[in-house]
Amino acid sequence: MNAYSKTPLLDTIRTPDDLRKLKVEQVRQVADELRQETIDAVSVTGGHFGAGLGVVELTTAIHYVFDTPRDRLIWDVGHQAYPHKILTGRRDRIRTLRTGGGLSGFTKRSESDYDPFGAAHSSTSISAGLGMAVARDLSGGKNNVIAVIGDGAMSAGMAYEAMNNAGAMNSRLIVILNDNDMSIAPPVGAMSAYLSRLYSGKTYRTLRDVAKQINQRLPKILANRANRVEEYSRGFMMDGGTLFEELGFYYVGPIDGHNLDHLLPVLKNVRDMETGPILLHVVTQKGKGYGPAEASADKYHAVVKFDVATGTQAKSKPNAPAYQNVFGQSLVKEAEKDDKIVAITAAMPSGTGVDIFNKAFPDRTFDVGIAEQHAVTFAAGLATEGYKPFCAIYSTFLQRGYDQIVHDVAIQSLPVRFAIDRAGLVGADGATHAGSFDNAYLGCLPNMVIMAASDEAELVHMVATQVAINDRPSSLRYPRGEGRGIEMPEVGIPLEIGKGRIVRQGSKIALLSFGTRLAECEKAADELAAHGLSTTIADARFMKPLDTELVLKLARDHEILITIEEGSVGGFGSHVAQYLTDQGALDSGLVRFRTMVLPDVFQDHDTPAAMYGRAGLDAKGIVAKVFEALGKDVKAETVKLA
Ligand SMILES: Cc1ncc(C[n+]2csc(CCOP(=O)(O)OP(=O)(O)O)c2C)c(N)n1
Ligand SMILES: CC(=O)[C@@H](O)[C@H](O)COP(=O)(O)O
Ligand SMILES: [Mg+2]
């Protein structure tokens, strides 16, 4: 119960229609109750936290002022959308967030009409919003389109592409820049410094100032570019204008994004401005309203379950090092011997382990912001000058820099080292973050050396291997989470390029693994032994160049040969299949060959183990695949592991 009234108001709100029935003076109480509900829910589920806390007032105000879902509201990244979900008919499921069958941790079209656009990868909201605005104009619609984008997301090139286009098209689009001076880590880049100047120089604009800002621009409708050029020449838009105004936006703000007395009237004014694109700059605090989040360095960007009273997170004691940390530590050791090694991250220092490298070599660490395309070509530039750049980018986010990999790195055979974390299924972040495709999207590129670590010790040796590859690009993939808890090598020893290894010698069945499914292969082999079936297990280590000698030997010496990888069709298994067919190794029918890959669907979030189980890529699935190849029809779920 809060100080305002006996009746909790949030309980009376199922959708924003209910919210909009309340009096404006009740909105504050709704926001306060919404913050408490968000804190309580995330303390149970874990997930993204600080960002949502920072937009409680903004979320409440937007849904109060705008006629959502008729007015389209797009959240950039979508990790801040938990309060939005609570207000838009999903409060009853909010404690299923990021669990199997539960709510997604990001906005998702299939989840609600209030989510007009799915997100999770950043900086897409302005482009999508512009598309919706133009569609509205083409069809004679009258609704508003609002894109809420963070200061971190505003560091990605795509946001500028969209603003560049929006400013020229003069479409009525409302962009709300949620500036909390945080990305996952503190923000980097000139844009971040610029935004700080925007709001530190002027402090917050008073309501009167903002009203003046808005009125000055009404009803200036710059019908087309010619008018705009004329206005420019009259210095109309150059009245000490911001970068956004230079791009053709009406800039409003900065205003305090927690002050509803400012937010509500300004949003009403902005809603009713009949103009081209508007950028409303709101200043908020990530983690606002929860002490432990406000006090923490990362503002509780992402948390596991926690105790509300203390903020203490229920972090499990890992029995093995996290792959990201093994990578960071290995690279430090290599860099101690080689001053040409540099590390690059795209706004993910802690997630990639580059933060470890940064502690040791701050002058050789580069956080380029959310700018994966730039990160890749920046690395290419460094490589042309003899440096050894390790470009550490999650598999899913590396998709953003694909043409740069092809055009700027592979064609020129520049020795950029890609450290690809979050390879395979990642669990709670679901399909948008699954590292499913890098085997396929890199495997088709000439000049690439492509490796996958089967455990944390292999990762150490593969980092050393990448250091030694100076004539072409190389990639090394490894999964989210902890390793196997095995003995770690003191130093990394470069591997022989293109050579795999036999981990267990058997006779009838051969399992050829690329990556960390090797552990499941070992469990499967034990189960098969219980059925009297002898199994060879091989670790391919390299997809390119493929260890063709090993592949042919396995095909020749076994009745069944199965490849397995944490990736989609078109990756390792496809390369082995193509090689075997081209060599005629399958013509005789002596060996029965199967590939095991992720299913050709976007799998919804769950735990990684549950997702791999559904994908058939666990020990049970391997055993079932072997029995299928042997002609014994066994369903994976019926397999009982020893
Ligand atoms: C293309 C891409 N790269 C990296 C990420 C990882 N990521 C998620 S949220 C985030 C920071 C976003 O900062 P901001 O937009 O300011 O939102 P805030 O968390 O501050 O609300 C990053 C880098 C991503 N989602 N998409
Ligand atoms: C929202 C976002 O994209 C990041 O916060 C991402 O969820 C981080 O993933 P990890 O938790 O695997 O580092
Ligand atoms: Mg931010």
Side-chain angles (χ1 to χ4, degrees), residues 46-56 58-59 75-83 98 104-107 118-126 147-159 176-189 191-192 195-196 257 281-288 293 298-304 322-325 345-355 367-375 392-402 421-430 432-435 478-482 605 608:
H48 291 102
F49 187 39
L53 286 180
V55 296
V56 163
L58 186 59
T59 304
W75 293 97
D76 204 285
V77 181
H79 64 314
Q80 76 290 66
Y82 299 5
R98 296 160 51 93
S104 163
F106 306 101
T107 49
H121 284 201
S122 83
S123 319
T124 60
S125 60
I126 303 174
V148 182
I149 183 169
D151 56 305
M154 197 57 102
S155 66
M158 190 174 172
I176 299 178
L177 170 56
N178 171 37
D179 186 358
N180 57 18
D181 197 23
M182 277 295 285
S183 183
I184 291 183
V188 295
M191 187 64 197
S192 167
L195 291 177
S196 303
H281 185 181
V282 298
V283 179
T284 62
Q285 185 186 357
K286 195 165 184 176
K288 175 80 175 177
D298 74 347
K299 308 302 173 197
Y300 275 23
H301 171 81
V303 293
V304 293
Y323 280 103
Q324 65 202 56
N325 296 335
T345 177
M348 308 290 286
S350 56
T352 55
V354 167
D355 57 341
D367 180 351
V368 298
I370 308 179
E372 289 83 3
Q373 294 159 317
H374 163 63
I393 301 180
Y394 291 8
S395 168
T396 189
F397 299 141
L398 188 60
Q399 291 161 189
R400 280 276 171 94
Y402 187 58
D421 199 333
R422 277 48 173 194
L425 298 173
V426 296
D429 274 344
T432 53
H433 283 59
Y478 43 96
R480 182 179 199 274
E482 283 77 42
H605 59 279

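In listed order, ligands and their atoms are each counted from 1.
- In this comparison of Leu398, Asp151, Ile184, the heavy atom closest to atom 22 (C) of ligand 1 sits on Ile184.
- Counting atoms of ligand 2 from 1 in the listed order, those under 4.0 Å from a heavy atom of Arg422 are 10 (P), 12 (O), 13 (O).
- Only the side chain of His433 comes within 4.0 Å of ligand 2, judged by heavy-atom distances.
- Not a single heavy atom of Gln80 sits under 4.0 Å from any atom of ligand 1.
- Around atom 4 (C) of ligand 1, the closest heavy atom drawn from His79, Gln373, Glu372, Lys286 belongs to Glu372.
- Residue Ile184 touches ligand 2 through its side chain alone, judged by heavy-atom distances below 4.0 Å.
- The CZ atom of Phe49 sits 11.5 Å away from atom CG of Asp298, with the distance rounded to the nearest 0.5 Å.
- Between Ser183 and ligand 1 there is a heavy-atom distance shorter than 4.0 Å.
- Residues Ser183 and Ala347 approach most closely at OG-CB, 4.2 Å, considering heavy atoms.
- At least one heavy atom of Met348 lies less than 4.0 angstrom from ligand 1.
- Close approach of ligand 2 to Arg480 (heavy-atom distance below 4.0 Å) involves ligand atoms 10 (P), 11 (O), 12 (O).
- Less than 4.0 angstrom separates some heavy atom of Gly150 from each of these atoms of ligand 1: 14 (P), 15 (O), 16 (O).
- Using a 4.0 Å heavy-atom cutoff, His301 is listed among the residues neighbouring ligand 1.
- For the Mg ion (ligand 3), protein N, O or S atoms under 2.8 Å: 3 in total.
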